[in-house]
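Accompanying notes for the structure given below.
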Amino acid sequence: MTTERKGKGTIFLRKEFCKGCAYCIETCPTHCLEFSEEFNEKGYHFPVLARPEKCTGCDICGMFCPDFAIFGITWKKMDKLQAQKNEGGKVESRS
Amino acid sequence: MSEKDMKETYEGAGVSPQDQADNPVDRILRQERMPHIWCPGCGIGTTVNCFARALEKLNIDLDNLAVVSGIGCTGRVAGYLKVDSFHTTHGRAIPFATGLKLANPKMKVVVYSGDGDLTAIGGNHLIHAARRNLDITVILVNNFTYGMTGGQYAPTTPFGSIQTTMPYGMYEHQFNIPKLVAAAGAVYVARWTVYQVAHLTRAMTEAIAKKGFSLVEVMSPCPTLYLRRNRLGEGIDEVKRFKEWAVRKDGADVNDVGISRDKPLIIGKFVDIERDEYIDLMNRQLSKKLGDRYTLYGVENGEV
């Protein structure tokens with residue numbers, strides 16, 4: 001199963017680690033992040049990729065995040081990593 | 001999948017289930033201790049993020065690196081990094097690091113602590129480590145206050161700021177930390193804020209690679225005890241203010257880099273000089289006096 005890829009990259013998020021400090025949302029150069037409507041377990045609004053077509057996967061959010069909850073990655077880099085993992089045979093299915 | 005595993009897994013936005021990626025800093029952090037204790041909006045986490053990225057960039061053996069912290073909010077850093085780390089008594093992070101470096105000269109030693117810990121209670125140790133020019137790196141996170149003990153004024157609190165023990169506004173003079181350590185003899189002194197993450201990462205890389213006493217001062221917001229008490233908003237407001245407030249001046253005269261909330265905040269690399277290092281000097285002097293009776297310390301196959 002594959003999902004249609006939008007933009008040049010995407011973000012990965014551990015929403016339970018987020019403390020809602022807004023560093024990623026305010027520093028995102030393309031303004032593609034926004035606070036979520038719902039809460040996480042601790043009661044904070046976490047960021048969501050509201051405009052995925054604008055995300056470049058630049059990882060500025062990952063550099064700013066004080067809680068190590070978010071990072072960005074380009075599709076190109078992800079494919080490269082995936083190929084490396086498949087070659088090395090280290091990757092296990094995460095299901 | 002247990003609840004804990006669920007928490008530790010990253011969820012991609014708009015990615016296929018087979019696509020997974022790992023955060024590059026995860027390898028350097030103790031995941032079992034996350035999430036950390038710092039307040040929402042605190043900048044210390046960002047400095048740790050930059051430090052982890054600097055270690056990634058340097059590509060050094062993590063078994064050969066030790067991080068020493070004192071007491072305080074920033075003192076917790078040692079507990080979150082997956083390297084040899086020590087949480088020492090208040091203000092004594094640098095003496096501990098000195099001992100560590102002298103006992104094992106191969107090791108890269110980084111002192112990671114706050115302004116209250118390093119400049120107030122450990123101020124003398126900071127000066128003397130800089131004077132000796134021992135090869136350690138100090139990362140000083142300056143948040144203008146004592147965060148963990150309840151917002152008492154620190155030697156770095158700017159004029160007019162309200163603190164628990166300064167209810168009518170700070171009226172004491174502040175430490176100018178770059179001037180202090182540069183005068184004592186540090187070979188690398190830089191100051192950045194948590195807004196300049198890329199520069200900060202590069203400065204940390206340079207400071208770790210530099211031989212001799214190097215210091216990176218990082219300005220970081222304390223939303224709970226400094227900003228709220230002074231009605232300066234949330235952590236992100238201070239980070240945005242850093243963007244406006246900070247003026248980059250590499251090689252600026254350290255006399256002019258004192259911090260005041262009315263003047264621009266001068267950031268950049270202030271000092272980058274060469275000066276004889278402590279262990280080299282010790283080897284030179286002792287081999288001169290003792291000759292063949294002395295074996296060079298910390299030297300293997302003629303190389304340090």
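Below, read A as the first sequence line, B as the second, and so on, with proteins coming before strands; counting in each chain starts at 1.
Contact of the A:N40 side chain with the A:C18 side chain is registered, since non-hydrogen atoms from C-beta on lie closer than 4.5 Å. Residues B:M204 and B:V110 fail the side-chain proximity criterion, which asks for heavy atoms closer than 4.5 Å. Contact annotation: the side chain of B:T74 never approaches that of B:D117 to less than 4.5 Å [non-hydrogen atoms, C-beta and beyond]. In this structure the side chain of B:D250 never reaches within 4.5 angstrom of the side chain of B:F270, judged on heavy atoms.
The part of B:K240 that comes within reach of chain A is its side chain, from C-beta onward, which places non-hydrogen atoms under 4.5 angstrom from that chain. If you measure heavy-atom distances from B:T47 to chain A, you find no contacts under 4.5 Å at all. Contacts of A:I70 with chain B are made by backbone atoms alone, with heavy-atom separations under 4.5 Å and no side-chain atom involved. Residue A:M78 touches chain B through its side chain alone, counting heavy-atom pairs closer than 4.5 Å. Using a 4.5 Å cut-off between heavy atoms, A:L13 touches chain B through backbone and side chain atoms alike. Looking at B:L29, the atoms closer than 4.5 Å to chain A (heavy atoms on both sides) all sit in the side chain, from C-beta outward.
The aromatic rings of B:Y226 and B:F144 sit tilted, their planes meeting at an angle between 30° and 60°.
Checked by atom type, the side-chain pair B:Q152/B:T145 shows no donor-acceptor distance below 3.5 Å.
Checked against the 6.0 Å centroid threshold, A:F46 and A:F17 do not count as a close aromatic pair.
A:D67 pairs in a salt bridge (Lys or Arg N to Asp or Glu O under 4.0 Å) with only one of the listed residues (A:K15, A:K42, A:K19), which is A:K19.
Ion pair B:E238/B:R228 not flagged as a salt bridge, since none of the NZ, NE, NH1 or NH2 atoms sits closer than 4.0 Å to an Asp/Glu carboxylate oxygen. For the pair A:R5 and A:D79, the salt-bridge criterion is met [side-chain N within less than 4.0 Å of a carboxylate O].
Of all the listed residues (A:Y44, A:F68, A:W75), the one sharing the greatest number of non-hydrogen pairs under 4.5 Å with chain B is A:F68. Each of B:E234, B:R53, B:K243 has some count of heavy-atom pairs under 4.5 Å with chain A, and the biggest count is that of B:R53.
Interface with chain A: from residues 77-85 of chain B, no residue qualifies, criterion being any non-hydrogen pair under 4.5 Å.
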